[in-house]
Asker: 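Encoded as structure tokens, here's the structure I'll be asking about.
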Protein chains: 2
Amino acid sequence: MTIGEAAERAGVSAKRIRHYEAAGLLGRAQRSYAGYRLYNEADVERVRFIGRARHVGFSIPQIRHLLSLWDDRSRPAQDVRRLALAHWHALDTQISELQTLADTLARLIEHCQGDERPDCPILAALAGGDPILSGTTPVGGPPRPAMDNPPERSRNLRPEPLE
Amino acid sequence: MTIGEAAERAGVSAKRIRHYEAAGLLGRAQRSYAGYRLYNEADVERVRFIGRARHVGFSIPQIRHLLSLWDDRSRPAQDVRRLALAHWHALDTQISELQTLADTLARLIEHCQGDERPDCPILAALAGGDPILSGTTPVGGPPRPAMDNPPERSRNLRPEPLE
DNA sequence: GCTTGACCTTCCCACCCGGGCAAGGTTCAC
DNA sequence: GTGAACCTTGCCCGGGTGGGAAGGTCAAGC
């Protein structure tokens, strides 16, 4: 099959398949006489693997690594687990940082009346040395303003630490 | 003062100041006879404002907007609040998505023994139609594996909804 | 056989926010 | 005058993908 069909069946764009090939995730595809890329079932499976791995946030280099482990039938599961765990920790760190940002911002918004008057604590904090931007959280945790529909986010889902 | 000194006083790199100027956040700087950019206290303040806004995650276009509100002495605080709130919601969405990813990954890791055997559920899930990747969380919430040092992350810090 | 439209090819640009480096000019102290 | 430390502009790089241009190919219909 040609790239369009392979792309559709793997659930990615043709462009991405070419990109993955260029990135060395796929190896050079078979070519028709006219130069069209040709794929088989196994190729589609591999692209699907890549797509799923991207979907859970693995980077291209990480997927390269995952694929090498996948290709090596004798690899220990430990190796895969380690890679996934590292990725999880990176995700967790990123989430923490974003959360800190969001909390800071929430504090700023909290202090802003948001009325017609021009005095805005948000701008003031960005402009001057308002300590609210220093990230010092009051004892007892940050304030918890009312919210219409809390998303019920799942936290504390944590794999075991690295061995 | 020249760009190096201004950069140091504003807490950003000289490169970033030039970048902000090119992005239209700063207006064309005064120039010395030789073409050096020259700054005054007000310029440094403005750069500091930009730096702080970047620090809490505002994008360049958003900061452009914030600056226009800052420059407009008669702007209602409401406008600023709205912008900050939109940014907060974007952050919150991003955090949610990352959290979903991390949870999925955690479930995968959970199911992987991580021993010397080559059967790895993580690879299996990425390769095949393992429903674990579909994101269906079991009733009662996702499993909560033991963790050495939970970061005590602050959640539920939520500003009021948009009016 | 020819046209048409859908597909394929490669290559370049764009995003975002800078870091890093190069080649060259300027300033200041010694 | 000379060297160090600054400044200038400009280009390439990252990550992962979309968009588009310019051109070749294939299959169906006339």
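Owing to the predicted nature of the structure, the values given are computational and were not obtained by experimental measurement. In what follows, chains carry the letters A, B, and so on, assigned in the order in which the sequence lines appear, proteins first and then strands, with residues in each chain numbered from 1.
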Asker: Once you round it to whole Å, what is the distance between P of D:dC7 and CE of B:M1?
Answerer: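 Checked: the CE to P distance equals 12 Å.
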
Asker: According to the interplanar angle, ranging from 0 to 90°, do the rings of A:F49 and A:W70 count as parallel (below 30°), tilted (30 to 60°) or perpendicular (above 60°)?
Answerer: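 The rings of A:F49 and A:W70 lie parallel, inter-plane angle below 30°.
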
Asker: So, is B:R37 close to the D:dC7 phosphate, meaning a side-chain N or O under 4.0 Å from OP1 or OP2?
Answerer: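 Looking at the OP1 and OP2 atoms of D:dC7, neither is under 4.0 Å from any side-chain N or O of B:R37.
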
Asker: Which residue, B:I60 or A:A14, contacts DNA chain C at a nucleotide closer to its 5' end, judged by nearest heavy atom?
Answerer: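 In this pair, the answer is A:A14.
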
Asker: Calculate the interatomic distance between B:I17 atom CD1 and C:dC17 atom C1'; express it in whole Å.
Answerer: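 Rounded to the whole Å, the gap is 15 Å.
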
Asker: Report the nucleotide, chosen from D:dT8, C:dT9, C:dC17, that has the shortest atom-to-atom distance to any side-chain atom of B:H19.
Answerer: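 Selected nucleotide: C:dC17.
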
Asker: Whole-Å distance between C:dC7 P and A:Y39 OH?
Answerer: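 Going from A:Y39 (OH) to C:dC7 (P), I get 16 Å.
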
Asker: Let me spell it out: for each of A:S13 and A:Y33, pick the nucleotide of DNA chain D with the closest heavy atom. Which residue's pick is nearer the 5' end?
Answerer: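 Between the two, 5'-proximity favours A:S13.
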
Asker: Classify the side chain of B:Y20 versus the base of C:dG18 as yes if they form a donor-acceptor pair under 3.5 Å and no if they do not.
Answerer: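 Answer is no: no donor-acceptor pair is held.
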
Asker: I'd like to know if B:R46 and B:D43 make a salt bridge, using a cut-off of under 4.0 Å between side-chain N and carboxylate O.
Answerer: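 Salt bridge: no.
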
Asker: Given C:dC8, is OP1 or OP2 found less than 4.0 Å from the side-chain N or O atoms of A:T2?
Answerer: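 So the side chain of A:T2 is within the cut-off, an N or O lying under 4.0 Å from OP1 or OP2 of C:dC8.
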
Asker: Counting side-chain heavy atoms from C-beta on, which of C:dT9, D:dG16, C:dG25 comes nearest to B:Y36?
Answerer: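 Side chain of B:Y36 sits closest to C:dG25.
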
Asker: Which whole-number value in Å describes the distance from B:H55 NE2 to C:dC17 P?
Answerer: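 Computing the B:H55:NE2 to C:dC17:P distance gives 16 Å.
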
Asker: Please confirm whether any donor atom in the side chain of A:K15 sits under 3.5 Å from an acceptor in the base of D:dG20, or the reverse.
Answerer: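 Counting by modelled atom types and ignoring angles, a donor-acceptor contact under 3.5 Å is found here.
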
Asker: Among the nucleotides C:dC17, C:dC8, D:dC7, which one has an atom lying closest to any side-chain atom of A:I3?
Answerer: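 Of all the options, the side chain of A:I3 is nearest to C:dC8.
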
Asker: Using the side-chain heavy atoms of B:A34, tell me which of these nucleotides is nearest: C:dT27, C:dG18, D:dG16.
Answerer: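 Per side-chain heavy atoms of B:A34, the pick is C:dT27.
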
Asker: Roughly how many Å is it from CZ in B:R54 to C1' in C:dC17, rounded to a whole number?
Answerer: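 For the pair B:R54 CZ and C:dC17 C1', the rounded distance is 6 Å.
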
Asker: A:L25 CG to D:dG15 C1': how many Å, rounded?
Answerer: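 Whole-Å distance recorded here is 13 Å.
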
Asker: Return the nearest nucleotide to the side chain of B:R18; candidates are D:dG18, D:dT8, C:dG19.
Answerer: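 Closest of the options to the side chain of B:R18: D:dT8.
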
Asker: Rounded to the Å, how far apart are B:L38 CG and C:dT26 P?
Answerer: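 Computing the B:L38:CG to C:dT26:P distance gives 15 Å.
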
Asker: Could you give the CZ-to-C1' distance, from B:F58 to C:dC17, as a whole number of Å?
Answerer: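 Computing the B:F58:CZ to C:dC17:C1' distance gives 17 Å.
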
Asker: Measure the shortest side-chain to side-chain distance between B:Y20 and B:I63 over non-hydrogen atoms and say whether it is less than 4.5 angstrom.
Answerer: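 They are not in side-chain contact.
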
Asker: Consider only side-chain heavy atoms of I, L, V, M, F, W and Y, link residues closer than 4.5 Å, and tell whether A:L98 and A:I109 are in one cluster.
Answerer: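 Yes, because A:L98 and A:I109 connect within a single hydrophobic cluster, where side-chain heavy atoms sit under 4.5 Å apart.
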
Asker: Would you indicate, yes or no, if D:dT9 has its OP1 or OP2 atom less than 4.0 angstrom from a side-chain nitrogen or oxygen of B:R31?
Answerer: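 Yes, B:R31 has a side-chain N/O under 4.0 Å of OP1/OP2 on D:dT9.
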
Asker: One thing to verify: whether A:R48 and A:E45 come together as a salt bridge, which I'm taking to mean a side-chain N less than 4.0 angstrom from a carboxylate O.
Answerer: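 Salt bridge flag = yes for A:R48 with A:E45.
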
